[in-house]
K.L.:
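This is the structure I have questions about; it appears just below.
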Amino acid sequence: MAQVQEFLEQLYQEFKGNSEGRLASYIPELARANADWFGISMVTLDGRTYEVGDVAQKFTIQSISKVFVYGMALEDYGREQLLKKVGVEPTGDPFNSLIRLDEDSKRPENPMVNAGAIATTGLIAGHDPADRLNRLLSMLQRYVGSEVFVDVSTFMSEKSTGHRNRAMAHLMLNFGMIDQPIEEALDLYFQQCSVLVTCHDLAVMAATLANQGVNPVTSTRAVGSEHVRDILSVMYTCGMYNFAGEWAFRMGIPAKSGVSGGILAVVPNRAGIAVFSPLLDSHGNSVRGLKVFEALSKQYGFHLFDLSLGRCNFASRD
Ligand code: GLU
């Protein structure tokens, strides 16, 4: 599929000069990112990769980790048990909003905003904090296909500046929404946000979800196929901060973004795609990332509800 490679290169050239947006600045590690970093990676279900730009640059996964930790909690508890603890309602509020947390709700709204993500992380099973971290890292490794590491300086910065997240955890504790030791849940949450990945890694992770939970490069199962539907559903409705509705409307595929500038999107049964570019718009989504996905979605007919489209499966026969 030389055309796919060519198209990605064309998009890279078209958008690399776009310097709209701002770097995340709430911790020094993110503020130090290079505004020019830009990578696009696509991994197909037969394990082939098309990519261009800074696809091997390491950065911290941040909020994109929420998708995979939710999958782990689904495996640990099952859909119905987990639903009692963490909802699946989109909020339309920013990721770090405290607004929806009140006594009557009994559970945080969804696992893609911070409150729900911290509660979800707090549920991860394990004998002690080290065991829980090891389980979480092994889970991410199955998606990536190689060892992953926590960036210690980002973790320390997240931990020392995360007052808002700590406040959310305390509120949830007060409302009886969580009952685990909250400092442990917060530490694990800050650690999961600080895992280093590349744009290529994110595309493989997305392709694993597109492939019903089996990493198409290593053929290793990363998550039970019965959980993929639930993971993709919350990504679709809640994955792009308070732009999730418009993203779903325009692109029509499940996706998740993070403050370090990654966007990971799943084209079910077809491909996983990631874009990395750290300049963010006011919602916290990568500006170049949005532009690339808009162009890709149009070119290859990604929108799940555009029933008039012929589908390109990115397989060699296409
Ligand atoms: N570590 C960040 C936080 O919890 C993640 C933010 C994000 O990527 O949305 O505040």
Side-chain angles (χ1 to χ4, degrees), residues 21-41 53-72 94-96 111-114 117-118 120-121 124 132-134 136-166 185-206 235 239-241 255-265 272 274-281 283-289:
R22 287 172 170 209
L23 296 173
S25 56
Y26 72 95
I27 53 170
E29 287 74 10
L30 293 178
R32 275 199 296 270
N34 182 340
D36 291 333
W37 281 336
F38 183 25
I40 311 173
S41 181
D54 301 308
V55 292
Q57 174 62 48
K58 285 198 186 296
F59 56 96
T60 50
I61 188 168
Q62 295 293 347
S63 263
I64 297 174
S65 62
K66 292 169 181 167
V67 166
F68 304 97
V69 175
Y70 184 60
M72 196 174 176
F95 67 101
N96 57 2
M112 300 292 117
V113 291
N114 285 11
I118 294 165
T120 304
T121 299
I124 294 307
R132 282 188 276 277
L133 175 62
N134 283 332
L136 194 150
L137 294 177
S138 312
M139 174 278 292
L140 290 174
Q141 271 159 214
R142 292 195 296 276
Y143 283 96
V144 171
S146 58
E147 219 174 338
V148 297
F149 300 95
V150 172
D151 183 67
V152 176
S153 92
T154 303
F155 165 60
M156 292 310 289
S157 287
E158 294 279 356
K159 186 175 160 79
S160 59
T161 61
H163 307 302
R164 201 178 168 98
N165 287 325
R166 200 160 277 116
L186 284 163
D187 271 357
L188 190 56
Y189 172 74
F190 294 137
Q191 283 160 339
Q192 77 180 55
C193 288
S194 306
V195 165
L196 289 165
V197 289
T198 65
C199 182
H200 173 79
D201 293 338
L202 290 182
V204 178
M205 296 169 95
M235 279 173 78
M240 297 295 287
Y241 302 123
K256 183 75 196 86
S257 57
V259 278
S260 47
I263 301 181
L264 156 161
V275 178
F276 168 55
S277 167
L279 289 173
L280 308 178
D281 68 9
H283 298 114
N285 293 319
S286 166
V287 175
R288 291 185 194 132

K.L.:
Just to verify, what does Ser41 make a side chain to side chain donor-acceptor pair (under 3.5 Å) with, not counting sequence neighbours?
P.N.:
Glu51
K.L.:
Is there a side-chain contact (heavy atoms from CB on, under 4.5 Å) between Phe68 and Lys256? Walk through the geometry before answering.
P.N.:
CA-CA 11 Å; Phe68 304 97; Lys256 183 75 196 86; over 6 Å; no
K.L.:
Would you say Met139 and Val69 make side-chain contact, with heavy atoms under 4.5 Å?
P.N.:
yes
K.L.:
Using every non-hydrogen atom in the two residues, find where Asn285 and Met240 come nearest and quote the distance to one decimal.
P.N.:
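Scanning both residues, the minimum pair turns out to be ND2-O, 3.3 Å.
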K.L.:
Please find the pair of heavy atoms, one from Val144 and one from Val204, that lie closest to each other, and give the distance.
P.N.:
O-CG1, 3.9 Å
K.L.:
Looking at every heavy atom in both Ser257 and Ile263, which two are closest together, and how far apart are they?
P.N.:
CB-CG1, 3.9 Å
K.L.:
Quick check for you: to the nearest 0.5 Å, what is the distance between Ile118 atom CD1 and Asn165 atom CG?
P.N.:
4.0 Å
K.L.:
Which pair of non-hydrogen atoms, one from Tyr241 and one from Gly284, has the smallest distance, and what is that distance?
P.N.:
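Residues Tyr241 and Gly284, closest heavy atoms: CE1-O, 3.3 Å.
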K.L.:
Holding to ring-ring contact (aromatic ring centres under 6.0 Å, His included), I want the full list of residues that pass it with Phe38, two or more places apart in sequence or in another chain.
P.N.:
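Here the qualifying residues are Tyr12.
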K.L.:
Nearest 0.5 Å, what's the CD-CD1 distance between Gln192 and Ile64?
P.N.:
12.0 Å
K.L.:
Could you walk me through whether Arg164 and Asn114 pass the side-chain contact (heavy atoms from CB on, under 4.5 Å) test, one step at a time?
P.N.:
CA-CA 10 Å; Arg164 201 178 168 98; Asn114 285 11; over 6 Å; no
K.L.:
Take Met112 and Tyr70, measure what side-chain contact (heavy atoms from CB on, under 4.5 Å) needs, and give me the verdict at the end.
P.N.:
CA-CA 8 Å; Met112 300 292 117; Tyr70 184 60; 4.2 Å; yes
K.L.:
Do any N or O atoms from the side chain of Ser260 and from the backbone of Thr60 form a donor-acceptor pair under 3.5 angstrom?
P.N.:
yes
K.L.:
For residues 23-35, tabulate all N or O donor-acceptor pairs below 3.5 Å that involve a side-chain atom, not counting sequence neighbours.
P.N.:
| from | atom 1 | to | atom 2 | distance (Å) |
| --- | --- | --- | --- | --- |
| Tyr26 | OH | Gln62 | OE1 | 3.4 |
| Tyr26 | OH | Glu158 | OE1 | 3.4 |
| Tyr26 | OH | Glu158 | OE2 | 2.7 |
| Glu29 | OE1 | Ser157 | OG | 2.8 |
| Glu29 | OE2 | Ser153 | OG | 3.0 |
| Glu29 | OE2 | Ser157 | OG | 3.1 |
| Asn34 | OD1 | Asp36 | N | 2.8 |

K.L.:
Do Met205 and Ile61 come close enough that some side-chain heavy atom pair is under 4.5 Å?
P.N.:
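Yes. Closest side-chain heavy atoms under 4.5 Å.
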K.L.:
Not counting sequence neighbours, which residues clear salt bridge (Lys or Arg N to Asp or Glu O under 4.0 Å) with Asp54? List them please.
P.N.:
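Partners of Asp54 under the salt bridge (Lys or Arg N to Asp or Glu O under 4.0 Å) test: none.
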K.L.:
To the nearest 0.5 Å, what is the distance between CG (Asp187) and NZ (Lys159)?
P.N.:
3.5 Å
K.L.:
For a 4.5 angstrom cut-off between non-hydrogen side-chain atoms, does Arg288 reach Leu279?
P.N.:
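Yes - at least one pair of side-chain heavy atoms lies under 4.5 Å apart.
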K.L.:
Keeping to residues at least two apart or across chains, list the side-chain hydrogen bond (donor to acceptor under 3.5 Å, both in side chains) pairs with something in residues 137-146.
P.N.:
none
K.L.:
So Phe276 and Leu202, do their side chains get closer than 4.5 Å, heavy atoms only?
P.N.:
no
K.L.:
So, using side chain to side chain donor-acceptor pair (under 3.5 Å) as the criterion, who are the partners of Thr120 when residues are at least two apart?
P.N.:
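Partners of Thr120 by the side chain to side chain donor-acceptor pair (under 3.5 Å) criterion come out as none, since no residue qualifies.
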K.L.:
How long is the straight-line distance from CG of Leu140 back to CZ of Phe149, given to the nearest 0.5 Å?
P.N.:
12.5 Å
K.L.:
Is any side-chain heavy atom of Leu264 less than 4.5 Å from a side-chain heavy atom of Met235?
P.N.:
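They are in contact (side-chain heavy atoms under 4.5 Å apart), so the answer is yes.
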K.L.:
Which atom pair, heavy atoms only, marks the closest approach of Cys199 to Phe59?
P.N.:
N-CE2, 3.5 Å
K.L.:
Donor-acceptor pair, Thr121 side chain versus Tyr189 backbone, under 3.5 Å?
P.N.:
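No; zero donor-acceptor contacts below 3.5 Å.
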K.L.:
Identify the two heavy atoms, one from Ser286 and one from Gly261, that lie closest to each other, and give their separation to 0.1 Å.
P.N.:
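Here Ser286 and Gly261 meet closest at CB-O, 3.5 Å.
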K.L.:
Dump the intermediate steps for side-chain contact (heavy atoms from CB on, under 4.5 Å) on Thr198 and Lys58, then the final yes or no.
P.N.:
CA-CA 5 Å; Thr198 65; Lys58 285 198 186 296; 4.0 Å; yes
